[in-house]
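Within every chain, numbering begins at 1; the chains are lettered A, B, ... in the order of the sequence lines, protein sequences first and strands thereafter. Only a predicted model underlies this, so the values are computations on that prediction, with no experimental measurement involved.
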Amino acid sequence: MPGRRQGLMKMNLFAEIRALVVASLDEMVAAGDLPSGVDFAAVAVEPPRDAAHGDMATNAAMVLAKPAGQPPRAIAEKLTARLQGRGGITSAEVAGPGFLNLRLQPESWQGVVRSALAEGRDFGRSDLGRGRKVNVEFVSANPTGPMHVGHTRGAVFGDALASLLDFAGHEVTREYYINDGGAQVDVLARSAYERYREACGLEPEIREGLYPGDYLIPVGEALKDKYGDSLLDKPEADWLADLRDFATAAMMQMIRDDLALLGVKMDVYSSEKALYGTGKIEGAIDRLRGMGLIYEGTLEPPKGKLPEDWEEREQTLFRSTAHGDDVDRPVKKSDGSWTYFAPDIAYHFDKVTRGFDQLIDILGADHGGYVKRLKAVVSALSDGKVPLEVKLIQLVKLFKNGEPFKMSKRAGTFVTLRDVVEQAGADVTRFVMLTRKNDAPLDFDFDKVLEQSKDNPVWYVQYAHARVSSVIRKAGEAGIAADDATLGQADLAKLSHDSELALARKIAEWPRLVEIAARGQEPHRVAFYLYELASDLHAHWNRGNDDTSLRFIQDGDAATSQAKIALARAAGVVISAGLGILGVTPAEEMR
RNA sequence: GGCCCCGUAGCUCAGGGGAUAGAGCGACCGCCUCCUAAGCGGUAGGUCGCAGGUUCGAAUCCUGCCGGGGCCGCCA
């Protein structure tokens, strides 16, 4: 997937101006105005906090003052001389503690609009990732029941992060790890057996510790269809393995359906069970053993409140402390069987050997205590070459009318993904769940997210996109050609009003925002940016109320209309691309 | 006891080395006889938990403390 657009010329005005600044600094080195060997990495070109400071600002003089042994002002003045008049820079002036404020000619912003139209939804794509192979493992819900709200946020976050990294030039694999090898699938099988007995007309015994959910009833019926009553009086040993497979497959089908409902599509499903019997666990452990990282020993009892039944036992341990963990971790239980950690070691080793340059795991925040040992595993088994990033997803608190919401029509105990999507819709669910950092708790109010007002960011952004579509439709009704090809040829020099240029400036920030968000693995930044862009579009739109010359459609003046509509369309294209990363469908009309 | 996350406006949250710390809600003040008001503009509101430190510069990085949450052997 990556690289498929690499032939396209990419427009990133901030990157271009930064390149110009760096080139000027290089010239200053050549001219003896700066010492050689100074690192320019910290030189940044960014939008200024205050629009009165100009279009762009660079901190070059301040960052270089110390390594260059010159006062900021001296550097700034020499740099100013070299920047004036180049690359559309009309003025460069020193300000504040040593900022260099740059102003650009209107043509620069008009060029951004033209690029957005030419590149369409690829405007803002970056080669930041340079085609690096990244594996994003997310959801990985146990195949023992339907997905609930917590999984939903992880699914949305993981999918959006994957899209974001793809957009920023990484080769991304979306992966789901099926925990189908542990004790919980035995419990699932036993629970399904009771539902099977129920389907055969007997009274099910849903004992304590079994899964009580209704979702197993159809599994029981399917089992009856398959086995008749042949399993009824058989001992567990006769049916456990078969029912495990059967029920797990049914649960995974249900989970895939849930994910599809949200619009999430995995590239790879990996099975824990498939690791057993292939020697992969033993192989990974042996590899660690070869590094001297596996030993037999006992752990210190945990500090603080001791478990009541604590007793010291010898276990097979992984020396994770050699790779940054706080204590060593057991890979075998005292009875000699693997702990749940062992297959995770093998699974992460498998990901490493598949040649990924980077691994990302997305886990619930309650797994925070697991992070260090996973990093230790990957560090050891990749010889420190493959970074593992673990993103923890905080809880979602559900509300309805401001009141905490806990009911579920389906399972009785938790709110399922399906419940949420059926009430709020996939687009709204996705957008709202991405309006918060992954490590901050999220409030999700069923009423607020569906509200049609500017208080609701989903609606607000969608409305901005719909307005653009509306303008284009209306242009057609007025006999003004407004297809992308025509708009791409529009005379953008007609865009000169401050309000128009302000909108173009916001559009110009998109490629930069993509890189910042991708670098920080923070898709929520896309959501916030889209809100700001929508706000700028609405603001500009509204100015047309007072000043008719700012309206997109100018009666009887096709050329001016097309220039203005081109601006609107450029904003629409960016909203569409941004929503695409978030996995949200742009609205054509609000209805 | 240890580890991780959080603490920014009345509320919900952005910002995570740079200029006068932002947005939405709420409050207050304006804007539709008409073409683009399910909207827009403006005002008020802050010792960025506290104390040290690093730096030319700290809400941002480091240390300690306070407050809130999560996790902490043979469960996944």
Side-chain angles (χ1 to χ4, degrees), chain A residues 42 44 46 48-50 52-53 57 59 62-63 65-66 71-72 95-99 101 140-142 144 179-185 187 272 298-307 309-317 325-341 343-344 364-372 390 392 394-395 435-443 445 448 451-457 459-460 463-464 466-467 470-471 474 520 522 524-525 527-529 531-532 535 538-546 548 550-553 555 590-591:
Chain A
E46 18 180 59
R49 191 190 292 281
D50 187 339
H53 293 148
N59 59 358
M62 288 183 294
V63 205
K66 188 162 200 175
F99 283 103
N101 289 333
S140 298
N142 285 340
T144 55
N179 283 285
D180 54 2
Q184 79 279 4
V185 287
V187 175
E272 174 192 358
T298 54
L299 289 170
E300 295 284 312
K303 298 279 161 77
K305 47 187 188 286
L306 262 188
D309 56 344
W310 169 269
E311 51 182 288
E312 213 173 70
R313 285 180 189 168
E314 187 166 279
Q315 295 170 282
T316 303
L317 299 169
D325 201 355
D326 305 309
V327 289
D328 294 337
R329 306 292 179 174
V331 297
K332 272 189 181 175
K333 305 176 194 172
S334 47
D335 69 1
S337 64
W338 297 118
T339 62
Y340 61 89
F341 184 38
D344 274 354
D366 54 345
H367 289 66
Y370 206 50
V371 173
K372 286 190 179 184
V390 182
L392 297 177
Q394 267 293 354
L395 294 177
T435 53
R436 212 98 305 176
K437 288 186 286 201
N438 58 288
D439 53 8
L442 170 79
D443 290 349
D445 190 308
K448 282 187 185 160
E451 196 172 289
Q452 299 208 339
S453 79
K454 67 165 185 169
D455 309 352
N456 178 0
W459 180 86
Y460 190 74
Y463 184 40
R467 273 185 152 173
S470 162
V471 163
K474 285 192 172 144
E522 297 169 322
H524 74 275
R525 286 178 186 268
F528 279 93
Y529 169 82
Y531 182 84
E532 291 168 13
S535 179
H538 288 309
H540 177 60
W541 180 288
N542 198 58
R543 284 188 194 105
N545 286 329
D546 300 328
T548 55
L550 291 181
R551 297 184 182 186
F552 293 104
I553 297 174
D555 288 338
M590 297 313 284
R591 188 179 42 79

Original post:
So, A:His538 and B:G39: ring centres less than 5.5 Å apart, planes less than 30° off, yes or no?
Top reply: no

Subject >> A:Lys333 vs B:A76: side-chain N/O to OP1/OP2 distance below 4.0 Å >> reply: yes

Original post:
So, does A:Gln452 use its side chain to make a donor-acceptor pair with the main chain of A:Met590 at under 3.5 Å?
Top reply: no

Original post:
B:G39 base stacked by A:Trp541? Criteria: ring centres under 5.5 Å, plane angle under 30°.
Top reply: no

Subject >> Contact check, side chains of A:Phe99 and A:His53, non-hydrogen atoms, under 4.5 Å >> reply: no

Original post:
How is A:Ala57 classified with respect to the nucleic acid when contacts are heavy atoms under 4.0 Å: base, sugar-phosphate, or nothing?
Top reply: base

Original post:
For atom P, what is the distance between B:C4 and B:U63, given to the nearest Å?
Top reply: 9 Å

Pairs: protein N or O with nucleotides 5-11 of chain B N or O, under 3.5 Å:
from, atom 1, to, atom 2, distance (Å)
B:C5, O2', A:Asp439, O, 3.4

Original post:
A:Met62 CE to B:A58 C1': how many Å, rounded?
Top reply: 14 Å

Original post:
Does the ring of A:Trp338 carry A:Lys333 above it, NZ/CZ under 6.0 angstrom from centre and within 45° of its axis?
Top reply: no

Original post:
What string of B, S and - do you get for nucleotides 22-32 of chain B, 5' to 3', when a contact is any protein heavy atom under 4.0 Å?
Top reply: -SSS-------

Original post:
Listed by chain and number, what are the salt bridge (Lys or Arg N to Asp or Glu O under 4.0 Å) partners of A:Glu451, not counting sequence neighbours?
Top reply: none

Original post:
Given atom CG of A:Asp366 and atom C1' of B:C75, what is their separation to the nearest angstrom?
Top reply: 12 Å

Original post:
Using Watson-Crick and G-U wobble pairs whose two distances are both under 3.5 Å, how do you write the pairing of RNA chain B as dot-bracket, with | for links to another strand?
Top reply: (((((((..((((....[...)))).(((((.......))))).....(((((..]....))))))))))))....

Subject >> Any residue meeting salt bridge (Lys or Arg N to Asp or Glu O under 4.0 Å) with A:Glu522, in chain and number order, not counting sequence neighbours >> reply: A:Arg525

**OP:** Please tell me which of the listed nucleotides, B:A19, B:C13, B:C74, lies nearest to the side chain of A:Tyr340?
**Re:** B:C74

Subject >> side chain to side chain donor-acceptor pair (under 3.5 Å) involving A:Gln394 - partner list, sequence neighbours excluded >> reply: none

**OP:** Report yes if a side-chain nitrogen or oxygen of A:Tyr463 is closer than 4.0 Å to either non-bridging phosphate oxygen (OP1 or OP2) of B:G39; otherwise report no.
**Re:** no

Original post:
Excluding sequence neighbours, so at least two apart, what forms salt bridge (Lys or Arg N to Asp or Glu O under 4.0 Å) with A:Asp328?
Top reply: none

Original post:
Can you check whether A:Arg313's main-chain N or O pairs, donor with acceptor, with A:Ser334's side chain at less than 3.5 Å?
Top reply: no

**OP:** To the nearest Å, give me how far apart NZ (A:Lys66) and C1' (B:U54) are.
**Re:** 10 Å

Original post:
Does OP1 or OP2 of B:G15 have a side-chain N or O of A:Arg525 closer than 4.0 Å?
Top reply: yes

Original post:
Below 4.0 angstrom from OP1 or OP2 of B:C3, is there any side-chain N or O of A:Lys372?
Top reply: no

Original post:
Could you give the CG-to-C1' distance, from A:Asp325 to B:G73, as a whole number of Å?
Top reply: 13 Å

Subject >> d(CZ, A:Arg543; C1', B:C35) in whole Å >> reply: 19 Å

**OP:** Between A:Tyr460 and A:Gly182, name the one whose nearest nucleotide on RNA chain B is closer to the 5' end.
**Re:** A:Tyr460

**OP:** Can you tell me, in whole Å, how much space there is between the C1' of B:G42 and that of B:C6?
**Re:** 34 Å

Original post:
Distance between the C1' atoms of B:A21 and B:U33, in whole angstroms?
Top reply: 44 Å

Original post:
Nearest of B:G39, B:A76, B:A19 to any side-chain atom of A:Phe99?
Top reply: B:A19

**OP:** Output yes when at least one side-chain N/O atom of A:His540 is less than 4.0 Å from OP1 or OP2 of B:G41, else no.
**Re:** no

Subject >> Among B:A76, B:G18, B:C13, the nucleotide that comes nearest once only the side chain of A:Pro97 is considered >> reply: B:G18

Original post:
Looking at B:A19, does its base get a donor-acceptor pair with the side chain of A:Asn101 below 3.5 Å?
Top reply: yes

Subject >> P spacing across the pair B:A76 / B:G64, given as an integer number of angstrom >> reply: 35 Å

Original post:
With respect to the phosphate group of B:A37, does any side-chain polar atom (N or O) of A:Asn545 fall under 4.0 Å of OP1 or OP2?
Top reply: yes

Subject >> All side chain to side chain donor-acceptor pair (under 3.5 Å) counterparts of A:Thr316, not counting sequence neighbours >> reply: A:Glu296

Subject >> Listed partners of A:Asp335 passing side chain to side chain donor-acceptor pair (under 3.5 Å), at least two apart >> reply: A:Ser337

Original post:
Which listed nucleotide (B:C74, B:C3, B:A76) is nearest to the side chain of A:His367?
Top reply: B:A76

**OP:** Report which part of the nucleic acid A:Phe341 touches: base, sugar-phosphate, or nothing (heavy-atom distance under 4.0 Å, all strands).
**Re:** nothing

**OP:** Name the closest nucleotide to the A:Asn59 side chain, picking from B:G18, B:C13, B:A76.
**Re:** B:G18

Original post:
Expressed as a whole number of Å, how far does the P atom of B:G18 sit from that of B:G57?
Top reply: 14 Å

Subject >> Residues which pass ring pair (Phe, Tyr, Trp, His ring centres under 6.0 Å) with A:Tyr463, listed by chain and number, not counting sequence neighbours >> reply: A:Trp459, A:His538

Original post:
If you check the A:His524 side chain, which of B:C74, B:A14, B:C35 turns out closest?
Top reply: B:A14

Subject >> Euclidean distance, atom CG of residue A:Asp443 to atom P of B:U12 [Å, nearest integer] >> reply: 8 Å

Original post:
Of all residues at least two apart in sequence or in a different chain, which pass the side chain to side chain donor-acceptor pair (under 3.5 Å) check with A:Asp326?
Top reply: A:Lys372

**OP:** List for me each residue that meets salt bridge (Lys or Arg N to Asp or Glu O under 4.0 Å) alongside A:Glu46, sequence neighbours excluded, and say none if there are none.
**Re:** A:Arg512

